[in-house]
Amino acid sequence: MSFNARVGGLFDRMSAMLELTGGDRFRVNAHAKAARVIKDHTGDLEPIAGDAKALIAIEGIGKGTAAKIAEFAETGTIREHDELAQKVPEGVIRMLDVQGLGPKTVKLLWDEKGVDSIEALKGVIVDGSILELPRMGAKTVENITESIAFLESSGQRLPIGVAMPIAEALAERMSGVPGVTRCAFAGSLRRGKESIGDIDILVVTDDPEAARESFCTHDSVLKVLARGESKCSVRLSLEGLGGRFKPGANAAVQADMRLVPGPSWGAALMYFTGSKEHNVRLRERALAKGMTLNEYGLFPEDKGDPTPPQQRGVAPVAGETEESIYAALGLAFVPPPLREDRGELSLDKERAFVVLGDIRAELHSHTTASDGDMSIEESAGIAKSRGFHTLAVTDHSQSSAIANGLKPDRLRAHIGAIREANERVEGITILAGSEVDILVDGSLDYDDELLAALDVVVASPHAGLKAKPPQATKRLLKAIRHPLVHIIGHPTGRLIERRAGLDPAMDELIAAAVECDVALEINAHWMRLDLRDTHVRAAVDAGCKIAIDCDVHAPGDYDNLRYGVLTAQRGWLSPELCINTWDVERLHAWLASKR
DNA sequence: GCCGTTTTCGGCCCGACTGTTTTCAGTCG
């Protein structure tokens, strides 16, 4: 785990423990914010841990946090954290993961009943003593019981590639309900996060009851969590999902539907898209400009009146569209994937970010020669139909035996087959390449003579993914510095929610990639998304070239491109730095410059 | 604990829903 991740984790725990020991809520929030800022920070904080001035320059880090970061760098621990940990058992913190249990209730259970773990919580439920607590009735206990079961069976986050089709189907279904005039999904899914905790759907309708009824009684609904005037929450079954994602027994996802007034559409969409931190920033901005922002619109501020402006019939300054609200706040429109409070409110209007339609080339694809499902021509046909000018065929190299990797003689024959296919197929250039294993010592899986015969070399780590960070860094640096390499494929080898992968010093890799004119890949498969968003941002800040590739094995894999583009946007990638957006002359000239 | 385009002190975003209450606390996003 990186330095930033370790320190950020300690601040998260400090925040929780402060809350559970009745600490000042603003200190609690400040610690939670520091945790997020530290984890999100694109550069490694360890080298500057002793430089208080540099740390304090980071928004959200002040004197106190800077001193604690320095203390951690020096001693490997933070005394305040350790002292709190003496007081608060691990199991008490874990209880906060139970939906519906917040700090107040957990503290009450702990103080009054000595409940210090989820197991102990089950105990007081079974013996009924939990009912002796104030504000604790049969219904609340039932909800807690179900939340524990949910947490223990399938409490994990869903990868974006699983959640997105569910959300799209849900939005389509709700759009067909009589009276519904507008419907869209929002939340972290709209922001393109790699995994999501729940699905948010917004609906404008003339017939609210029909929408509520449809949403809450569909076949896939396991439980209705809430059914109010403007908000309904349900737990949906994931059963019947196909593909490579295997949901566990009782796997489920929460979906929330919000019924919003038409004139508030933009404000509501913005509000429920988040992130929470981005919204807080916007509200602060509104207040500073003498206005107040909520999910109903942007209103002129009327100090002293506690009734919300929308209930007093105050005319909003903006609200029907997101664009109008950003404009009224004097801001450039912020695309949803950037809304993470990572400096996006300071963006100028001219800055461009890569979009799906910019992508003109696929540079990482497999065919039946190794472990793909398609012939060269078949894959080229799909690439062509998507408007691509170039497809690189990059089958696996010899060490990837499981993936039917090509021995040198097979690769030579394959290069010939690719050249022939390129002659036959009109309207797209098919390049001969390879996804070459980066071996554990950092060397490549073919000799230089053979690599030089290829148009495109994608070098990727496949084995030895549990190596320690220093070894991982050394291994990847060696591959980046190899003069025949164009692209480093899925640089960490992680699998979302399944395998951590390598944790190299990303700053060093990026610096080397810039120096050697090598592109780092965003592997667009939703199980990988590797580089991840924060890595992309660091690379973009350094001016590093980026490739967005689908790592195509089957026809449907081309559809994963959108997840790669969302990840790129979350990292503020411009078309200029993304080699897949370049026109055919420029891309081919760059590839040839390494031959 | 952090922060400042009226502040270095005194603030710190806003609303909906549930369950347990007789007017509201706790949780969530």
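Computation of the quantities below employed the complete heavy-atom set of this structure, encompassing side-chain atoms and omitting hydrogens, waters and symmetry-equivalent molecules. In what follows, every chain begins at residue 1, and chains take the letters A, B, ... in the order their sequences are listed.
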Check nucleotides 26-29 of chain B against the protein and report each pair of N or O atoms closer than 3.5 Å, with its distance, or say if there are none.
| from | atom 1 | to | atom 2 | distance (Å) |
| --- | --- | --- | --- | --- |
| B:dG26 | O3' | A:T105 | OG1 | 3.1 |
| B:dT27 | OP1 | A:G102 | N | 2.7 |
| B:dT27 | OP1 | A:G102 | O | 3.0 |
| B:dT27 | OP1 | A:T105 | N | 2.9 |
| B:dT27 | OP1 | A:T105 | OG1 | 2.4 |
| B:dT27 | OP2 | A:K104 | N | 3.2 |
| B:dT27 | O5' | A:G102 | N | 3.4 |
| B:dC28 | OP1 | A:G100 | N | 2.6 |
| B:dG29 | N2 | A:Y271 | OH | 2.1 |

Practice task
Scan side-chain atoms only and decide if A:D82 and A:T77 contain a donor-acceptor pair under the 3.5 Å cut-off.
Solution key: yes

Problem - Check against ring pair (Phe, Tyr, Trp, His ring centres under 6.0 Å), A:F3 and A:F72 - result: CA-CA 9 Å; A:F3 180 84; A:F72 183 78; 5.5 Å; yes

Exercise for the section: Under a 3.5 Å limit for both distances, which nucleotide forms a Watson-Crick or G-U wobble pair with B:dT8, could you say? Expected result: none

Problem - Mutual orientation of the aromatic rings belonging to A:Y326 and A:H278 [parallel < 30°, tilted 30-60°, perpendicular > 60°] - result: tilted

Handout entry: Selection from B:dC2, B:dC14, B:dG19 that lies nearest to any side-chain heavy atom of A:T292
Key = B:dC14

Handout entry: Value in whole Å for how far the C1' atom of B:dC14 lies from CZ of A:F299
Key = 12 Å

Practice task
Look at A:S233 and B:dC17 and indicate whether a side-chain polar atom (N or O) is within less than 4.0 Å of OP1 or OP2.
Solution key: no

Problem - Evaluation steps, side-chain contact (heavy atoms from CB on, under 4.5 Å), between A:E322 and A:T273 - result: CA-CA 11 Å; A:E322 289 186 324; A:T273 296; 4.3 Å; yes

Exercise for the section: Could you tell me the separation between the CD atom of A:E142 and the C1' atom of B:dG19, rounded to a whole number of Å? Expected result: 12 Å

Exercise for the section: Determine whether more than 12 heavy atoms belonging to other residues, nucleotides or ligands lie under 6.0 Å from atom NZ of A:K39. Expected result: yes

Practice task
Nearest whole angstrom, please: distance from the P of B:dC17 to the CE of A:M257.
Solution key: 11 Å

Exercise for the section: Give one of base, sugar-phosphate or nothing for A:K289, where a contact means two heavy atoms less than 4.0 Å apart. Expected result: nothing

Practice task
Would you indicate what A:G274 reaches in the nucleic acid, counting non-hydrogen atoms under 4.0 angstrom: base, sugar-phosphate, or nothing?
Solution key: nothing

Completion exercise
Quick note, A:A226 side chain, CB onward, closest among B:dC17, B:dG1, B:dC14 is B:dC17

Exercise for the section: Name the orientation of the base relative to the sugar in B:dT7: syn if the glycosidic angle is within 90° of 0, else anti. Expected result: syn

Exercise for the section: Describe the nucleic acid contact of A:A67 in one word from base, sugar-phosphate, nothing, applying a heavy-atom distance below 4.0 Å. Expected result: nothing

Problem - A:F26 over B:dC12, stacked by centroid distance under 5.5 Å, angle under 30° - result: yes

Exercise for the section: Select base, sugar-phosphate, or nothing to describe what A:R25 touches, counting heavy atoms under 4.0 Å on all strands. Expected result: nothing

Exercise for the section: Quickly work out the A:R27 CZ to B:dC2 P distance and round it to whole Å. Expected result: 9 Å

Exercise for the section: Would you mind classifying the nucleic acid contact of A:N143 as base, sugar-phosphate or nothing, using non-hydrogen atoms under 4.0 angstrom? Expected result: sugar-phosphate

Exercise for the section: Report which part of the nucleic acid A:K33 touches: base, sugar-phosphate, or nothing (heavy-atom distance under 4.0 Å, all strands). Expected result: nothing

Practice task
Look at the side chain of A:S230 and decide which nucleotide, out of B:dC17, B:dC14, B:dG19, has an atom nearest to it.
Solution key: B:dC17

